[in-house]
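Okay, so here's the structure we're looking at.
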Amino acid sequence: MDATIPSNSPLQDQAKRENSPAGLRRPIKGLFYILIVSSLILLVSIIQGPKSVSDGDADDHVLIKLYSSLKAMLPEHLEQRVEDVEVLDEKAKAYPWSNEMLSWQRTSYHFQPQKNWMNDPNGPLFHLGWYHFFYQYGPNSAVWGNITWGHAVSKDLINWFHLPIAMVPDHWFDSEGVWTGSATILPDGQIIMLYTGGAADGAQLQNLAYPLNLSDPLLLEWVKYPGNPVIVPPPGMKDFRDPSTAWLGPDKKWRITIGSLVNNNTGIALVYKTTDFKTFELLDGLLHEIPGTGMWECIDFYPVSLTTKDGLDISAYGPGVKHVLKVSMAVGMEDYYAIGTYDPINDKWTPDDPKADVGIGHRVDDGKFYASKTFYDQKKKRRITWAWIPESDSESSDLLKGWASLQAIPRTVVFDTKTRTNLLQWPVEEVESLRSESYDFGNLKLEPGSVLPLNIGSATQLDIVATFEIDNEALQSTVEASVDYKCSTSGGAGSRGVFGPFGILVLADELFSELTPIYFYISKEPNGNAKTHFCADQSRSSKASDVAKPIYGSDVPVLHDENFLMRILVDHSIVESFAQGGRRVITSRVYPTKAINREAKLFVFNNATGVSVTASVKAWQMSCAEMNPFPPKGNDL
Ligand code: DQQ
């Protein structure tokens, strides 16, 4: 069998598309020397002009070829998605990374194993006082392979104990890898783990595992059901993986969904019913399908409340409940979700807005973020999502570092009762326990074209909350021509309009030789309505050429009575940016060479040409989370 390799495989094409827009251009009058020097540098970049993809040498042609062939494979409505795909040129000349630079990239409060490769989150659950986190782990190298289930436990989702590997590829039904799976907690407390096994002949098989001893709070030992596999692929189906958490239907039978691909390019969600998790019945219809979206990986299907902020357990159903379908699209490695209605009699899900269906509408995160999986936290009555954050550097750098990939800070997920069209994602409150020294910068008046340093010392581990106000009258009365603004193609933070960009510069050195702007940009629609975009511009984030430097983002609803709000978590090489309380999120991987350690600074800026902005910024230094092997020294829990 020649099933496709899961999308985390390094064998999949990744190439780099570089944007080098001019930088921030006009410092505020009277600002001190930093700003004068910076403006000189920026002037040079203006003179040089933006570098286009075709400026380069032969390698660039390879890039363009890769990109066009990927695009040619897709139907029209998905072409836009490919526009946004980050492209890393593996052939770019390797940057001479120093040990200091590489060791700086390792995070301080994001979950990662002690070394080697990690990808998808698997089977998160809460049991006897502990949060359990399993993950796709490559134990031998910083490159995907020989996939096992890593395991860690935490009391608060932030500080972790690493436990022994939970499952290894040691049976015929998973000899090529213990791939992604999900946990279901049954009403009597039993824990069911369903996962995909890669078999030696290439088949993708669904298997059952369970804890040997449910009374062990650490769930150290896992048993693979001897009758595995419990589900084999339907005839002719090659790609068939990542069983979801099970939900209970009105007929008292459990259902799971599994992603696949038919007719070459139609992504589908199959549904199976079971009562004992050992025998399963494939239903005739599909939960959902969309032609042209390619393989659906890691499907997540869960209820959200339309009325409360509480999360809902997996089988909740009834008035005031909608269902979210989340799909990880193997093409482009992007997670999409849509909100809709689930019909439990026919096991069909219909999106509220077909124009915002999965793969077309909302990304879960506009940046680097894949294979996300939620679980219901019965301790705090909330739904939490995890996600794999891959690297954006080269494989050779990963081998030098000895590790690859992070997990996003777990985020609560709720329905946005204001817009009623999207979810809100927000870092779990426990991350705030790491906040230490805080800095308040209130009422900063930013004239058009200004940059202000925020003196907080080293700016590599931060939690930042910023509010921006602009003159509403000017916004209503001024005509602007930037109707087609799009973060990824509109020139980044260096490209100025009447109403933007304005925001925060993270991981910037004093001379702005490296900087990562996180910003809002307001454009006007032909009907005069304002449209706000939330973007993260990595185009000048690093002097190294062997890292991807995309500009991410999308438009975000800003309601009539709202200011422009952002929260940013900076943790060395990861920047997670949340707009408007989590209506949009962008995760960036950033690899500066200069703006590291004490050279990494924080700034606030307004690069709009026609509007002043009033900003208030609060920033906290973040302490390191504890990530230790278990048991802790002295057994002190
Ligand atoms: N990763 C797993 C697969 C899944 C893919 C293998 C998604 O089960 O489809 O490591 O990243």
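Computed from a prediction, not measured in an experiment: that's the story for all the values here. Order of listing sets the numbers, starting from 1, for every ligand and every atom in it.
A 4.5 Å side-chain heavy-atom check between Ile185 and Phe126 finds every atom pair outside the cut-off.
For ligand 1, the polar-atom distance check against Glu297 finds a nitrogen or oxygen pair separated by under 3.5 Å. Between Thr196 and ligand 1, not a single N/O pair is under 3.5 Å apart. At under 3.5 Å, not a single nitrogen or oxygen of Tyr370, backbone or side chain, sits near a nitrogen or oxygen of ligand 1. Residue Trp388 has no N or O atom closer than 3.5 Å to an N or O atom of ligand 1.
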Donor-acceptor contacts under 3.5 Å from residues 220-234 side chains, at least two apart:
from   : atom 1 : to     : atom 2 : distance (Å)
Trp222 : NE1    : Leu219 : O      : 2.8
Lys224 : NZ     : Val168 : O      : 2.5
Lys224 : NZ     : Asp170 : OD1    : 2.6
Lys224 : NZ     : Asp174 : OD2    : 2.7
Asn228 : OD1    : Leu208 : N      : 2.8
Asn228 : ND2    : Leu208 : O      : 3.0
Asn228 : ND2    : Tyr225 : O      : 3.1

Quick one: side chains of residues 324-331, donor-acceptor pairs under 3.5 Å with protein atoms, not counting sequence neighbours, listed by atom name and distance.
from   : atom 1 : to     : atom 2 : distance (Å)
Lys326 : NZ     : Cys298 : O      : 2.7
Lys326 : NZ     : Ser328 : OG     : 2.8
Lys326 : NZ     : Ser372 : O      : 2.7
Ser328 : OG     : Asp335 : OD1    : 2.8
Ser328 : OG     : Ala371 : N      : 3.4

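For the residues Asn119, Asp242, Asn122, Asp120, the heavy atom positioned nearest atom 11 (O) of ligand 1 is part of Asp120.
Close contacts between ligand 1 and Trp144 involve ligand atoms 10 (O) [criterion: under 4.0 Å to a heavy atom].
Proximity of the aromatic rings of Phe277 and Tyr210 is defined here by a centroid distance below 6.0 angstrom, and this criterion is not met.
With salt bridges taken as basic N to acidic carboxylate O contacts below 4.0 Å, none links Lys253 and Asp347.
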